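A quick write-up on the structure given underneath.
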Amino acid sequence: MKILIGVLYTLLPEILLFSFAILLGWQAQSFPHAGQLAAEITTAAILVSVLALSLQFNKSRLFFALLVLLLAYGGLLLLMRAPDSVSQDALRGCLCLFLPLDLLLFSRIEERGIFTRYGAVWFGLVGAESLLPAGLIAARGDGVAAALDVRFISTSVTSLPITQPGLLAIGLGLLWLNDRLLRRHSAELAAFFLSLVVALPMLYAGGPAVVAVFAGAAGLAFGYALIQESWSMAYLDELTGLPGRRALEEHMRQLGGHYVIAMVDVDHFKHFNDRYGHDVGDQVLRFVASRLELKAPGGKPFRYGGEEFSLIYAGRGLADVEAELEQLRADIETCRFDLRRRGRRNEDHLGQEPGAEADMLAITVSIGAAEGGAGEHEPWAVLKSADKALYAAKHAGRNRMSLA
């Protein structure tokens with residue numbers, strides 16, 4: 001249930017965009033000519049603008065997905081104005097198959113830059129796909145166009161202007177992206193998911209304005225994904241996933257009334273890096289971050305920097321959080337960090353063969369805490385007091401808590 005709620009929360013912007021697109025698309029056909037033209041131009045502007053943003057941020061997955069979406073949008077508008085039946089069949093067959101397959105492909109490629117040798121491969125693929133309909137039309141390749149419109153089953157679906165290979169590609173793509181969303185809640189994956197969903201009404205080709213509305217919704221979803229990722233880069237710590245220093249600063253500016261700031265430091269962290277390597281050190285930091293989120297429900301954790309973390313308890317005093325902080329320290333102490341399984345409680349390994357503990361590491365933390373009140377101290381002064389209390393705990397032997 002928690003995973004499902006997480007997926008729905010991730011997809012919420014896309015659900016709202018798609019709902020709005022349905023409501024607007026329902027009325028799009030009745031727009032006057034000027035309104036339909038305005039919708040087409042607005043969507044083109046959205047797609048080009050988000051494409052430029054993805055180029056600015058050097059996001060190759062989003063760039064190539066948007067490039068394909070922009071070309072498909074232009075192709076669909078051309079399809080509705082193509083007088084030749086061979087032209088229509090060739091364009092329709094290519095668009096119905098290539099659009100969902102390309103969106104699926106570009107959701108999976110690695111981020112290795114756009115104007116690189118790696119990016120040149122994808123430029124070549126998109127270029128070849130763009131030239132194929134023109135080649136089919138010039139060569140009167142109605143046989144190839146018919147192959148792109150092969151029918152697996154004979155149902156009423158075959159009367160739709162969407163080829164069955166295209167329907168199959170969209171269906172399989174949605175299933176695969178849904179599986180990935182269950183594993184990783186990502187605004188980027190959600191945007192790709194929506195782009196496949198709107199591919200269906202786009203390829204249905206109910207009219208230029210309808211295509212514009214749904215293509216614009218996909219473009220806005222990719223734009224939101226870019227903004228969301230930029231926010232994450234600025235405010236979230238990439239290693240641990242916790243809010244970072246900038247988020248801490250903004251949160252502290254909003255503090256009022258009574259609150260507690262606690263500083264948490266991993267004991268002997270340099271020892272982990274020197275003896276086991278920086279990869280293990282990174283695992284230790286992720287492990288401690290996960291315990292802070294799990295075992296300090298009343299506090300908001302932040303990655304302060306290095307091996308230090310911050311916890312902020314808004315609306316509470318030291319007397320209210322002292323027991324919780326002590327429990328947090330004891331919980332981390334009684335956990336054993338498994339180099340192979342990244343943290344299990346020591347009781348989970350009772351009865352192991354001799355020598356099995358060789359891969360188990362004991363991790364402890366020192367904690368310093370200070371209380372702030374309305375008008376008494378600035379939050380940064382309180383944090384400094386908590387930091388002094390932390391160093392007092394470390395000088396007293398580590399693996400303990402000290403209150404300012």
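Every value quoted in this text rests on a predicted model; they were computed, and no experiment measured them.
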Nearest non-hydrogen partners of [X] and [Y], listed with the distance:
| X | Y | answer |
| --- | --- | --- |
| Thr43 | Ala215 | CG2-CB, 3.8 Å |
| Leu95 | Ala72 | CD2-CA, 3.7 Å |
| Val68 | Val126 | CG2-CG2, 3.9 Å |
| Gly173 | Leu196 | C-CD1, 3.6 Å |
| Ser385 | Ala404 | O-CB, 3.9 Å |
| Ser186 | Leu181 | O-CD2, 3.9 Å |

Starting from the C-alpha separation in whole Å, work towards a yes-or-no answer on side-chain contact (heavy atoms from CB on, under 4.5 Å) for Val382 and Leu255.
CA-CA 11 Å; Val382 178; Leu255 287 174; over 6 Å; no
Does any part of the side chain of [Y], heavy atoms only, come nearer than 4.5 Å to the side chain of [X], both counted from C-beta?
| X | Y | result |
| --- | --- | --- |
| Asn273 | Phe269 | yes |
| Leu69 | Asp102 | no |
| Val197 | Leu174 | yes |
| Arg253 | Pro379 | no |
| Arg400 | Ile367 | no |
| Leu55 | Phe115 | yes |
| Leu168 | Gln164 | no |
| Leu76 | Leu79 | yes |

How about CH2 on Trp231, more than 12 heavy atoms from neighbouring residues, nucleotides or ligands closer than 6.0 Å, or not?
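Check passes, neighbour count above 12.
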Indicate the ring-plane relationship of Phe64 and Phe123, choosing parallel, tilted or perpendicular according to the 30° and 60° boundaries.
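Ring orientation of Phe64 relative to Phe123: perpendicular.
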Please work out whether the ring planes of His251 and Phe302 are parallel, tilted or perpendicular, with thresholds of 30° and 60°.
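Correct class here is tilted.
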After noting the C-alpha distance and the side-chain angles of Phe106 and Phe192, does the key distance pass the ring-ring contact (aromatic ring centres under 6.0 Å, His included) rule?
CA-CA 9 Å; Phe106 291 131; Phe192 275 103; 8.3 Å; no
Value rounded to 0.5 Å, distance of [atom1] in [X] from [atom2] in [Y]:
| X | Y | atom1 | atom2 | result |
| --- | --- | --- | --- | --- |
| Arg92 | Cys94 | CZ | SG | 11.0 Å |
| Arg183 | Leu189 | CZ | CG | 12.0 Å |
| Leu101 | Phe98 | CG | CZ | 8.0 Å |
| Leu292 | Thr240 | CG | OG1 | 9.0 Å |
| Ile46 | Leu220 | CD1 | CG | 4.5 Å |
| Leu99 | Leu104 | CG | CG | 11.0 Å |

Before you tell me yes or no, could you show the steps for Arg61 and Glu110 under salt bridge (Lys or Arg N to Asp or Glu O under 4.0 Å), namely the whole-Å CA-CA distance, both residues' side-chain angles and the distance that decides it to 0.1 Å?
CA-CA 7 Å; Arg61 281 194 292 266; Glu110 297 180 18; over 6 Å; no
Relative to Tyr304, does Arg245 satisfy both conditions: NZ or CZ under 6.0 angstrom from the six-membered ring centre, and within 45 degrees of the ring's axis?
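So Arg245 does make the cation-pi contact.
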Any cation-pi pair here, Arg112 with Tyr118, using under 6.0 Å and within 45°?
yes
Determine the sole option in Lys270, Lys394, Arg329, Arg398 for which the salt bridge (Lys or Arg N to Asp or Glu O under 4.0 Å) test with Asp265 is passed.
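One option only clears the test, and that one is Lys394.
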With distance as the sole test, does [X] use its side chain to make a donor-acceptor pair with the main-chain N or O of [Y] at under 3.5 Å?
| X | Y | value |
| --- | --- | --- |
| Ser402 | Leu390 | no |
| Gln36 | Phe31 | yes |
| Ser290 | Phe287 | yes |
| Glu111 | Ser60 | yes |

Using a 3.5 Å cut-off and no angle test, enumerate the donor-acceptor pairs between side-chain atoms of residues 308-322 and protein atoms at least two apart in sequence or in another chain.
unit_1	atom_1	unit_2	atom_2	d
Tyr313	OH	Glu324	OE2	3.3
Arg316	NH2	Asp320	O	3.2
Asp320	OD2	Gly317	N	3.0

Applying salt bridge (Lys or Arg N to Asp or Glu O under 4.0 Å) to Lys300 and not counting sequence neighbours gives none
Answer yes if the side chains of Tyr235 and Glu250 hold a donor-acceptor pair under 3.5 Å, and no otherwise.
yes
When you check the side-chain N and O atoms of Thr364 and Asp267, is any donor under 3.5 Å from an acceptor?
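A pair is found: one side chain offers a donor N or O, the other an acceptor, under 3.5 Å apart.
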Going through the checks in order, is the side-chain contact (heavy atoms from CB on, under 4.5 Å) test met by Trp176 and Arg108?
CA-CA 11 Å; Trp176 189 78; Arg108 284 292 294 147; 2.4 Å; yes
Would you sort out whether Thr163 and Leu203 count as a side-chain contact (heavy atoms from CB on, under 4.5 Å), showing the intermediate values?
CA-CA 9 Å; Thr163 64; Leu203 294 171; over 6 Å; no
Are Ile363 and Arg291 close enough, and set up right, to give a side-chain contact (heavy atoms from CB on, under 4.5 Å), and what steps lead you there?
CA-CA 11 Å; Ile363 299 173; Arg291 305 313 294 180; over 6 Å; no
